[in-house]
2 protein chains.
Amino acid sequence: MTTTYRFPVSDWLFVLKDLLRLDDRADLLGRDDLSTSDLRDLLVEGARFHEEVLAPLNVPADREGARLVDGRVRTPAGFVKAWDQYRQAGWHVLNVPADLGGGGLPSVVTLALGELRSATAQSFAMYGAFCGVAGTMIAALGEDWMRAHVVPRLIEGDWTATMCMTESHAGSDLRELRTRAVQQTDGAWLLSGAKIFISGGDHDLTENIVHIVLAKVVGDDGTVPEGLAGVGVFLVPARTLDPATGVLGGSNGVHVDSIEHKMGIEASATCALRFEDARGWRLVDQSQSGVAASMGPMFFMMNKARMGTALSGVAYAEMSYQYASAYAHERLSGRAPGRVRRPDLHADPIVAHPDVRRLLLSTRAFAEGGRALAARLAMWQLEADAGSPTAADLVKLLSPVIKAYFTDKGMQSALDCQQVLGGHGYTRDHPIEQWVRNARIGQIYEGANGIQARDLVRNRLVSNGRATTDAFFDGIDAFIAEAPRELAVLNGILDPISRAAAELRDAVAIVVQADEVDASGVAYDLLTAFGTLAVAWTWAECVRAAANVGDERFLAMKATLARIWVERELPLITALCARIRSGGGALSEPKDDWI
Amino acid sequence: MTTTYRFPVSDWLFVLKDLLRLDDRADLLGRDDLSTSDLRDLLVEGARFHEEVLAPLNVPADREGARLVDGRVRTPAGFVKAWDQYRQAGWHVLNVPADLGGGGLPSVVTLALGELRSATAQSFAMYGAFCGVAGTMIAALGEDWMRAHVVPRLIEGDWTATMCMTESHAGSDLRELRTRAVQQTDGAWLLSGAKIFISGGDHDLTENIVHIVLAKVVGDDGTVPEGLAGVGVFLVPARTLDPATGVLGGSNGVHVDSIEHKMGIEASATCALRFEDARGWRLVDQSQSGVAASMGPMFFMMNKARMGTALSGVAYAEMSYQYASAYAHERLSGRAPGRVRRPDLHADPIVAHPDVRRLLLSTRAFAEGGRALAARLAMWQLEADAGSPTAADLVKLLSPVIKAYFTDKGMQSALDCQQVLGGHGYTRDHPIEQWVRNARIGQIYEGANGIQARDLVRNRLVSNGRATTDAFFDGIDAFIAEAPRELAVLNGILDPISRAAAELRDAVAIVVQADEVDASGVAYDLLTAFGTLAVAWTWAECVRAAANVGDERFLAMKATLARIWVERELPLITALCARIRSGGGALSEPKDDWI
């Protein structure tokens, strides 16, 4: 059985046109020329390219892996050629403003192509993942010569970019960085230190790489301020670069010490880099002050990356669902209860077995509900950018939630769909074992999911003295109050959602009042409850929107998936809130040396 | 960081001596010479051998993998020598009766060594996994010449055995088998057909392999009865065998077509075997009739294998916990809430962070609670063998539950502990990514977990018109009624357990009344709820037993883990019962072609 993944174009069109009504939101999109048929054309062309050019490389490239040959990374067979097609078509910079040379598409639209990218070519696409975001950041915060000589190269895909944060002893804790930057008389800096886990830290796809590096800033007196105050962000090219002309020279003192051998995404080179007096330039967000100014360039990039990681969870759910569903139609085994026996078949296809349906439909309920929620969040981001404080609160609250919750659900989805294949799913005869190994990374990178939960509890529940959660719960209440009760398929799920929302609201009040130890112990439970409820709310919105599409079968399927979410996922909120009410006390009881 | 797994000898001694009081149960054990110090000596010696001889092979052997060379399987480096030491010490047949040449140890004791085996050498041990169980089965059901010439070879480990069930088109559905057996005039049979997923189907560890093969029995008229009535079990040696003398000849027509490349346990050769007029002998359970007689030899072997698979879940939880815990003590990151800052450390070890403790302590609560429950189940099996109908009901009910639930929790535990290591856990620098890949197989083989759930709902809730669940719920009620309420650490968890039991009892009544479609749709939820509650009950028993040990610190730790289970896992029963009350209707709504 070969992979037969098909990008769900029609479901994305439902989300963009029927749920979000993009046709009426030209104000937010910044352009009024995106008709439904334009969008369809874009998604269809994206699907064609990714399915035909990139997807066939996905399995063999993982088997071959990226390799380190004579100190340089060699990407798997086919990547060099594919990169050239990919960058020429501009798939890596769809979201970059047109005046910078990008596609100029609103993020809510490029989100769709982000799912497509993760599904067909996660490892491949990681090499170009920072072209657009680094280019945009440098265009906004960098110097004129960078806008002239660096930004266009990134947008064209002549160069790629990386994000160099982690060091072997310092992951989430940036205060611990040891890489040093010392300023030179000409204003440039020399960086020295070792970084690990640098995706695309080296490769053979382009002639240069722009490393965005976090390093401790050595002051004139040779000392470094304690904590984050001492950290700066630097632009460090792999090859020497003349600011006046943009001409590249030889090595800039950035060496690849090794690449990681990993559980998955083996075609993505995860590098250990060593900087030896590598020449770079500092980036500062001049519109801010203090740590916000010096760390601004990093946060600019991180916030964009988080949504893409969340989407990868949806991608793994969708592709795993499609594969396992096709298998479940072909594979015959046993007799399913409640079925009329077909005389031409000696056994039923396993799609008829209720427990197989549980695995498949739970996965699909997440894939479609998660997709819609991600798009809603992108829309709220646009509204927030346009000045809506309610939308800003929703984005603030839900950004860490969907990163962690979606990648958790993506992993579970891949595992569940692997289970549909039985022993066959455990072998490399089917791609799903690779997807399981790949999906695992989403829970770890761009801020491990436990860090997201801590961020939620520490920084996201209350903002400037305002409870950001009001925007969320009030939004649900308002939807329920306005929902058309005569729509029976919708009416049946409103009360459970309302009850779950009330229960979670009470739990939030407990967490906000709790001391930090207790709150941290139940942070993950709170995050999971928010994710579950946010998808449930989104499912209710989807059913209402589906009722207006005028396709009975489509509405029936959406209503069934909504019901599966409400009947099977929503009850977990009660369990999660019970944990929150118990508090984190039991977790803090044992002394460290008893563990 | 190297693996520093240590077999939890003292926790096993607590389970065997303090919880199960083996010293007082000589009647059940069939021997009264197993003193506490004998048991400790056995566990310590087992730990020494497995940790020193087998564990060091575990990671390199997975990297190297089993290979097919010129049509024969070559095991990874070190396996041949290790096998010789392993079989000479008799570690593969501890549970086989002494009169057959085995260790003669009761299963409740050998269970402990089963956990040790999975933790240190799962792939290696699979080659010898059927020596004891096939030897015992053949000794009980086979012919005299087999007892003379086959059984001793298996018990000595001169030969190994396999279980050949699956064919490429037929996994759980044995009615679909195509391998044929045709009887010869001398009473022997010739088998032809292709089998897949045969663990240890070939190797270079011993001179011969005894395949126990399921095949369709061709009648004198050339036809095969429909369904299971046509299936027989056959003993088919890899090399020709003279029944009169036991002397081996050349190839018996059993060919290795390929070996699987898998997500994990790569050192275990998973073979596709082709039988071409391979000469074998039929095995029948003469004490039964009809299908029970012809399939009896298979069920004899399957029931023993299921408990071992369940234990592998405990093993992966324990080893993952130990590794992640050691890492969490060494790794420094950030400042944990509620901690006094140690001036000598620039950051706290991550074991101080509440969310890391959540991952570690949840895993440990399963490892210790699951271990104790498995041992209780083995004890109930002994009581059932001695005639207790209550114990028989508990074994009947919980056998599929612990196979599925323990392997699910083992997988989750490995994933959770991998998460503690952050990005480092995703690399092959640490063995935990291998344990994640290995742990996954437990959910699939020996009957995929969905099949276990279906078995539970169809065959295990009611037995001979009697509700087997009464033994379970009445057992919990009796424990709670008799529990010493003055023991505060115990008293606090009794009410939640009692409430959860009442809720699950009501849910069982719904499932028993439901039609088969609805019941099958919620079967997995019911199984998970039983597993969760069975461990909770066991934790309460453990706390009561720990109170009698006379070690305050030990009791405090057991009480904390019990509280974590009750506060964090038990609430899931409410969610699972809510699903059961909703029924499986939403899952059966969509037509097959909508999925």
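Remember, it's a predicted structure, so these values are computed and weren't measured experimentally. FYI, side chains are in, hydrogens and waters are out, and symmetry mates aren't considered; it's all heavy atoms of this structure. Chain letters run A, B, ... following the sequence lines, proteins first, then strands; residues in each count from 1.
Within the 4.5 angstrom heavy-atom criterion, no atom of A/Gln434 approaches chain B. Both the backbone and the side chain of A/Ser333 have a heavy atom closer than 4.5 Å to some heavy atom of chain B. Both the backbone and the side chain of B/Thr560 have a heavy atom closer than 4.5 Å to some heavy atom of chain A. If you measure heavy-atom distances from A/Gln419 to chain B, the contacts under 4.5 Å come from both the backbone and the side chain. Contact annotation for A/Glu266: only side-chain heavy atoms (C-beta onward) come within less than 4.5 Å of a heavy atom of chain B. Contacts of A/Ile196 with chain B are made by side-chain atoms alone, with heavy-atom separations under 4.5 Å and no backbone atom involved.
For B/His169, the side chain to side chain donor-acceptor pair (under 3.5 Å) criterion is met by B/Arg178, not counting sequence neighbours. When the side chain to side chain donor-acceptor pair (under 3.5 Å) test is applied to A/Asp515, no partner is found at least two apart in sequence or on another chain. Under the rule for a side chain to side chain contact (heavy atoms under 4.5 Å, CB included), the partners of A/Ser362 that lie at least two apart in sequence or sit in another chain are A/Arg358, A/Arg568.
For the pair A/Glu167 and B/Arg331, the tightest heavy-atom approach, listed with the atom from each and the gap, is O-NH2, 4.5 Å. Heavy-atom minimum distance, A/Phe197 versus B/Thr427: CE2-CG2, 4.0 Å.
Heavy-atom pairs under 4.5 Å with chain B peak, among A/Arg579, A/Arg335, A/Arg437, at A/Arg579. Across A/Glu569, A/Glu260, A/Arg563, A/Arg339, the residue that shares the most heavy-atom pairs under 4.5 angstrom with chain B is A/Arg563.
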Does the side chain to side chain contact (heavy atoms under 4.5 Å, CB included) test come out yes or no for B/Ile444 and A/His424, once each step is laid out?
CA-CA 10 Å; B/Ile444 296 171; A/His424 298 276; over 6 Å; no
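Among residues 581-591 of chain B, the residues having any heavy atom closer than 4.5 Å to a heavy atom of chain A are, in sequence order, B/Ser582, B/Gly583, B/Gly585, B/Ala586, B/Leu587, B/Ser588, B/Glu589, B/Pro590, B/Lys591.
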